[in-house]
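Chain letters run A, B, ... following the sequence lines, proteins first, then strands; residues in each count from 1.
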Amino acid sequence: MSQTAQSSGENPDENRRDFLTLATTAVGVVGTGMALWPFVDSMNPSKDVLALASVEVNLSNIPVGQAIKVMWRGKPVFIRHRTEREIKEAEDVALNQLVDPETDDARVKKKEWLIVVGVCTHLGCIPMGTATGEPRGDFDGWYCPCHGSHYDSSGRIRKGPAPRNLVVPTYTFLTDTSVKIG
Amino acid sequence: MSAPVWNNKVVKWVDDRLPVFSMLHHSAYEYPTPKNLSYMWNFGSLAGLVLVTMILTGIFLVMNYTPHADMAFDSVERIMRDVNYGWLIRYLHMNGASMFFIAVYIHIFRGLYYGSYKAPREVLWWIGILILLAMMATAFMGYVLPWGQMSFWGATVITNLFSAFPVIGDPLVTWLWGGFSVGNPTLNRFFSLHYLLPFVILGLVVLHVWALHTVRSNNPTGVEIKTPQDSIPFHPYYTIKDLFGMGVFLIIYLYFVFFAPNFFGEPDNYIMANPLSTPAHIVPEWYFLPFYAILRSIDFEFLGMPAKLLGVLAMFAAIIVLFVIPWLDTSKVRSSRFRPVYKWFFVVLIIDCFVLGYCGAKAPSDPFMGLHGLQVITVGQLATLYYFLHFLVVMPVVGKMERPKPLPASISESVLKGGANA
Ligand code: HEM
Ligand code: FES
C-alpha cells in the first residue's frame, strides 16, 4: 500500500472490494431473475393453446334476427344476423351517448353480420340475449346478468358497470356465407 | 426455568440430540398462561384442529380426484357415489372450509375486541393476517377444483378482477389462466397451489405460535402477567378447556356434515362447468361475501380511476388496513372491556360486517331487506364507508378522546373481584 493512496484517504483495496461486492450482487440479481423467468413463463399460454387460435363458421343457416355462439380460444363468440331495424339503431346513435365511443361501421365488416367476443368486459360473464327468448337488455343487444351491463345491437356498452364494448375479434369472410375467426 | 430432568433413558437420549421433549415440556408446563382466559381463547386451537382436518381429508380426496377440465367434475361425483366413505371425506373437507373461516373470524374479532394487536403483539397479529390471506387463496382455488358452474364462473369473475390494473392487467390475467379463458391449464395450476398453500399456512402457524410464546397470550383484562399468581400452566388447565371446546365445535361441524352437508354450498355447483353459459346469479362462498360487497359498492369513477379498479383496490385495502391498526389505535388501554365508548363502535363494526355480508349475497338493485326504495347497493356503499371509517377515523380519534375505566392492578385482582364483572 503506497503512502500517497493512504494520505488521500483512498484505499484502493476497499474500492476494489466495493466494486466486487456490487458486481457480484448485480450478477446474482440478474442470474436469479433469469432462473425465475422460465418458471414464470411456463404459466403463460402454451404452444398448443396458442395453436387452437382459429375456427371456421358456416353462416348459411342463421336466419335474419337470430344469433349463435361458437367457441373460439375457450370463449364464446356471438354471431348475430342483424335485422334492418337493429342495423339502423346501431348506426343512428350519436357517439357522445356512448361510454366507449365507436361507430357501428368500425365494428362490422358486413352490416348484416355482427361478430363479437361474447365475454362481458366487466368481469367476464357471458351476456344473455343470443338464444331466442333470453333478455337482451334495454338496447336490443345483450344483457349481462352478473352485474347488470346492457350492450346494444352493435355490442357496445350502454349501461352498467362494464367499461368497454364487446371485443371484435379478428375475422375474415372466406365466402359470403362462411367466416374464419382468428 | 431450569430444563426438565428426564428419567426415561430413551427420552433422554433423544432429547440430548434433539430437544423435542424439552420443547413440549416448555410449552405445556413452563409456558405461563393468564389464569383468566375465557372461551374466546378457544378459537385458535379450533382453527388448528380444522387445519389438520383439511390437510388429512385433502390428501385422501386427492387419491381419487382427477385435475382435468374434462374429468374433474365426474371424479368428484365418483368420490360422492362410489368411493367408500368418499361422501364423508368430501363433506368433511367442504364444510371444514366453512368451519375454518367461522373459527378464524371469531378469533380475529376476539383480537380486535381485546386489543391483542397492540404492542408487543404486532408481529403475531401480522402473521395472523397473512394466514387469513393464504386461507382465502386456498379456499378460492379449492372451490374451483370440483369444476361445477360456480367453480368456473367464480374463478372467471375473480381472476378478471386483475384485468382492472392498467397496462399489465390483460397480460396478467392471461398469465393467471394459462390461456385465453379459465380452462384446463387454470384448473391444473389451481390444483397444484391448492395442495401447496395449506402447508404454507402450516408454516405460518408455526411462526404464529412462536411469536405467541415470545410475547405470551393477551387476556380479557388486557393487563399483562405481573406475578406468578396471575398465571397457570397450560397443561392441564387449558389443554382440558381446549379439548372441551373441540367437543362442542365438533358437534356443530359434524351436524352440518351429516345433516345439512350442502347448507353452505350453492346448488349450481352440482352442474358441470359450462363455458358458454353463466348462471343467472353468481355468488361467492359466504366467507367472501363482505369483501365482495365492498368490491361491488364502488360503482363510480374517482380521480380518473375506473370503478372496476377502485373496487379491486378497496377490496384489498379492507384487509391491508388490518396490518396498520396497531398504529391507528391510539388508546393506551388494550381491552375494550375498559373502553366505554369504543366498545359501542366495536358492536357497530360487527353489525356492519354482517350488513356487508348480506349485501354481497344479493343483487345490487334488489331492495335491502325487502324495504322498497332502499337498494342493496346503497346500503353496501354506506357499510363500506363505515368499515373504513372505523379503522381510519374512529380508532385514532376515540382512542384519544375516550376516558377509559380504571384498570385492575393485576389479573389476579380482577379474578378475585369477580372477573368479567370487575
Ligand atoms: C387450508 C386448508 C384447506 C382449505 C381451506 C380447503 C378448501 C377447499 C374447498 C372450499 C374445496 C371445495 C369443496 C367443494 O365444494 O367440493 C376444496 C376442494 C378440494 N381440496 Fe381443499 N382445502 C384445504 C386443504 C387441502 C389440502 C391440504 C388438499 C390436498 C392435500 C386439498 C385437496 C382438495 C381436493 C382434491 C379438492 C377437490 C375435491 C372436492 O371438491 O371435494 N385441500 N378445498
Ligand atoms: S361481468 Fe358482466 S356485468 Fe359484471
Please look at [X] and chain A and tell me whether the side chain, the backbone, both or neither of the residue comes under 4.5 angstrom of a heavy atom of that chain.
X	result
Leu161(B)	both
Pro306(B)	neither
Trp153(B)	side chain
Ala280(B)	backbone

Note: [X]-[Y] ion pair, threshold 4.0 Å (strictly below):
X	Y	value
Arg85(A)	Glu89(A)	yes
Arg136(A)	Glu86(A)	yes
Arg156(A)	Asp104(A)	no

Between Ser181(B), Pro171(B), Ala164(B), the one whose heavy-atom pairs under 4.5 Å with chain A are most numerous |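 Looking at each option in turn, the highest pair count goes to Ser181(B).
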Is Arg189(B) close enough and on-axis enough to Trp177(B), meaning under 6.0 Å and within 45°, for cation-pi?
->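 Output no; distance or angle outside limits.
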Region of Val40(A) that comes under 4.5 Å of a non-hydrogen atom in chain B |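 Answer is both: backbone and side chain atoms of Val40(A) are under 4.5 Å from chain B.
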Any chance the side chains of Thr103(A) and Asp105(A) put a donor and an acceptor closer than 3.5 Å?
->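 No donor-acceptor contact under 3.5 Å links the two side chains.
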Atom CZ of Phe263(B) with >12 non-hydrogen neighbours under 6.0 angstrom |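 Count not over threshold, so no.
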Output the option from Cys125(A), Ala131(A), Gly118(A) having the highest count of non-hydrogen pairs under 4.5 Å with chain B.
->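 Top count of heavy-atom pairs under 4.5 Å with chain B: Cys125(A).
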